[in-house]
2 protein chains.
Amino acid sequence: MSLPHALLTSLLEQPCAGMDLARRFERSIGFFWPATHQQIYKELGKLEAAGWVSSAAEEGARGRKRRYDVLPAGKLELQRWVAESDDPPPLRDALMVRLRAEAALGSGAGVENDLRHRLARHRAQLALYEAIEQRDFSGRELSAAEQLQHLILQSGLATEREQIHFCEKALVLLAALQPAGV
Amino acid sequence: MSLPHALLTSLLEQPCAGMDLARRFERSIGFFWPATHQQIYKELGKLEAAGWVSSAAEEGARGRKRRYDVLPAGKLELQRWVAESDDPPPLRDALMVRLRAEAALGSGAGVENDLRHRLARHRAQLALYEAIEQRDFSGRELSAAEQLQHLILQSGLATEREQIHFCEKALVLLAALQPAGV
DNA sequence: CCAGACATGTAAATTGTTACATGATTGT
DNA sequence: ACAATCATGTAACAATTTACATGTCTGG
């Protein structure tokens with residue numbers, strides 16, 4: 001479980017309130033570790049209980065807004081965790097199960113729906129990544145740190161392209177399996 | 001949640017007992033939807049309660065071994081589900097969080113451990129897939145159904161290669177970030 | 001007959017999702 | 001003052017993992 005460490009990382013980059021974290025998760029770290037605001041609040045409570053972060057009412061902010069900061073103990077914990085290792089996360093993909101199910105049922109069961117749906121999603125995601133690459137990583141020299149960021153983005157790009165290729169090819173093969181309007 | 005439908009698919013391919021399912025999951029369907037024997041037994045109970053499978057003590061087998069078969073209602077349910085669609089499964093990868101944490105901590109925190117660990121895993125997985133490809137899909141004409149199987153395997157191959165490339169490149173960039181023996 | 005393997009489970013803990021509830025502030 | 005919005009939560013549920021427990025046959 002990496003949520004606590006994802007939160008520590010994000011707070012280390014920029015101390016802020018729970019809601020701000022939730023918003024940042026939607027487009028940066030949460031990209032690799034999605035989390036809802038409910039999860040985040042609960043986890044922030046645990047982090048504070050563990051003495052890894054401190055919180056204080058935020059001056060000049062509306063409502064009960066609190067600001068969370070990483071404490072030295074939290075930084076140590078994050079350092080400890082970074083040096084650990086895990087197996088690659090297991091895949092769990094309903095589309096693959098559907099393809100197999102369609103084969104077991106004999107064709108005409110309708111996986112094409114899911115294939116086309118996913119194709120649209122992956123194309124949209126790819127377009128997003130390409131826009132980000134264009135905006136942040138093009139036309140200039142990059143520092144080593146920036147090159148690492150770029151590598152991560154490129155990995156996302158490669159994944160989306162692979163998925164698109166897969167869906168397109170699968171659709172072609174399925175069409176070949178059921179020539180008439182089954 | 002696709003476990004019930006993964007089980008229906010597997011039972012449709014070949015009726016068998018819970019333990020056999022668990023074993024088959026380890027190297028075929030469970031590749032896309034991992035599940036332990038505990039999960040499988042519980043889910044088989046639900047499938048039977050729903051009238052989607054039937055079970056009978058298996059003749060000539062040891063112990064309390066039971067054989068599960070898909071009933072017509074189960075086949076209909078599977079057909080219904082195959083035509084549905086889902087979003088691509090969200091990514092949740094601790095390695096990416098670690099890379100980001102290392103950047104936030106300033107280098108020398110030790111992500112290399114995880115990178116090297118994952119590199120080894122992905123190389124092993126790639127070798128496995130390559131052996132399967134060699135054994136099952138080389139040197140002959142493939143039917144459309146076999147081509148689809150092959151496509152799925154190729155997708156796995158592409159993913160492993162991409163992951164290997166990513167880890168290797170990340171290790172190089174990290175070495176550039178911390179030139180001395182930090 | 002009993003050790004070991006095989007087959008089937010039960011229980012608790014963890015993690016994540018979904019739906020709902022409350023408090024505080026701003027703009028009108 | 002009151003609607004809209006922002007910030008923080010609570011509760012119930014669903015899915016998965018981990019650890020443990022039990023029953024039944026086979027081989028020595």
Side-chain angles (χ1 to χ4, degrees), chain A residues 1-7 10-11 15-26 29-50 53-68 81 86-94 97, chain B residues 1-7 10-11 15-26 29-50 53-68 81 86-94 97:
Chain A
M1 220 273 282
S2 313
L3 179 56
H5 302 97
L7 291 175
S10 204
L11 283 176
C16 66
M19 186 53 56
D20 299 328
L21 271 179
R23 269 190 291 264
R24 268 157 61 196
F25 259 60
E26 291 200 343
I29 257 214
F31 196 75
F32 311 120
W33 206 279
T36 60
H37 70 103
Q38 292 94 328
Q39 252 184 303
I40 290 172
Y41 283 123
K42 209 191 310 177
E43 199 62 44
L44 280 173
K46 292 187 197 170
L47 293 184
E48 190 165 13
V53 304
S54 65
S55 76
E58 191 157 323
E59 305 273 319
R62 62 189 291 170
R64 302 182 277 174
K65 196 164 186 176
R66 308 179 65 69
R67 203 182 76 137
Y68 287 88
W81 176 82
D86 290 294
D87 286 344
L91 235 92
R92 222 170 230 128
D93 192 339
V97 179
Chain B
M1 222 271 283
S2 313
L3 179 57
H5 302 96
L7 291 174
S10 203
L11 283 176
C16 66
M19 187 53 57
D20 300 328
L21 271 180
R23 270 191 290 264
R24 268 159 60 198
F25 258 61
E26 291 199 343
I29 255 212
F31 193 74
F32 310 121
W33 206 278
T36 60
H37 69 102
Q38 292 93 329
Q39 251 184 304
I40 289 172
Y41 282 123
K42 208 192 309 176
E43 198 64 42
L44 280 173
K46 291 187 197 169
L47 293 183
E48 190 164 14
V53 304
S54 65
S55 77
E58 191 156 323
E59 306 273 321
R62 60 189 293 170
R64 302 181 277 174
K65 196 164 185 176
R66 308 178 66 69
R67 200 183 78 138
Y68 287 88
W81 175 82
D86 290 294
D87 285 344
L91 235 91
R92 222 171 230 128
D93 191 340
V97 179

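Sequence lines set the chain letters: A, B, ... in the order given, protein chains first and strands last, and positions in each chain run from 1. Quantities reported herein were computed from a predicted structural model and do not represent experimental measurements.
Between A:Gln39 and A:Leu3, the shortest heavy-atom distance links the atoms NE2-CD2, 3.7 Å. The two residues A:Ala94 and B:Trp33 have their closest heavy-atom pair at N-CZ3, 3.8 Å.
Nucleic acid contact class of A:Met1 (heavy atoms, under 4.0 Å, all strands): sugar-phosphate only. Counting any heavy atom pair closer than 4.0 Å across all strands shown, A:Ala35 reaches no nucleic acid atom.
At whole-Å resolution of the value, NZ in A:Lys46 and C1' in D:dT10 are 14 Å apart. The CD-C1' distance, from A:Glu43 to D:dG9, rounds to 15 Å in whole Å. Atom NZ in B:Lys65 sits roughly 7 Å away from atom P in C:dT8 (whole-Å rounding). Atom NE2 of A:His37 is separated from atom C1' of D:dT10 by 11 Å (rounded to the nearest Å). The OH atom of A:Tyr41 sits 5 Å away from the C1' atom of D:dT8 (whole-angstrom rounding). When rounded to the nearest whole Å, the span between CD1 of A:Ile40 and P of D:dG9 equals 13 Å. We find that NZ of B:Lys42 is positioned 12 Å from P of C:dA12, with the value rounded to whole Å. Atom pair B:Arg92:CZ and C:dT14:P shows a separation of 18 Å (rounding to whole Å applied).
In this structure, A:Pro89 and B:Arg92 have side chains that are not in contact, with every pair of non-hydrogen atoms separated by 4.5 Å or more.
When distances run from any side-chain atom of A:Gln38 to the nucleotides D:dT10, C:dT17, C:dG9, the shortest one goes to D:dT10. Here the side chain of B:Met19 is nearest to one of C:dA19, C:dT8, D:dT16, namely C:dT8. Picking from D:dT8, C:dG16, D:dG23 the nucleotide with the shortest atom distance to the side chain of B:Arg64 gives D:dG23. Looking at the side chain of B:Gln39, the nearest of the listed nucleotides D:dT17, C:dG9, D:dA7 is D:dT17.
Taking for each of A:Pro34 and B:Tyr68 the nucleotide of DNA chain C with the nearest heavy atom, the 5'-most of the two is the partner of B:Tyr68.
Under a 4.0 Å N-O distance rule, the pair A:Asp20/A:Lys65 qualifies as a salt bridge.
Using a 4.0 Å cut-off, no side-chain N or O of B:Trp33 falls inside it from OP1 or OP2 of D:dA15. Note on A:Arg67: every side-chain N or O is 4.0 Å or more away from OP1 and OP2 of D:dT8. Considering only side-chain N and O atoms, A:Arg23 lies under 4.0 angstrom from the phosphate OP1 or OP2 of D:dA7.
Distance alone, capped at 3.5 Å, places no donor-acceptor pair between the A:Arg66 side chain and the A:Gly18 backbone.
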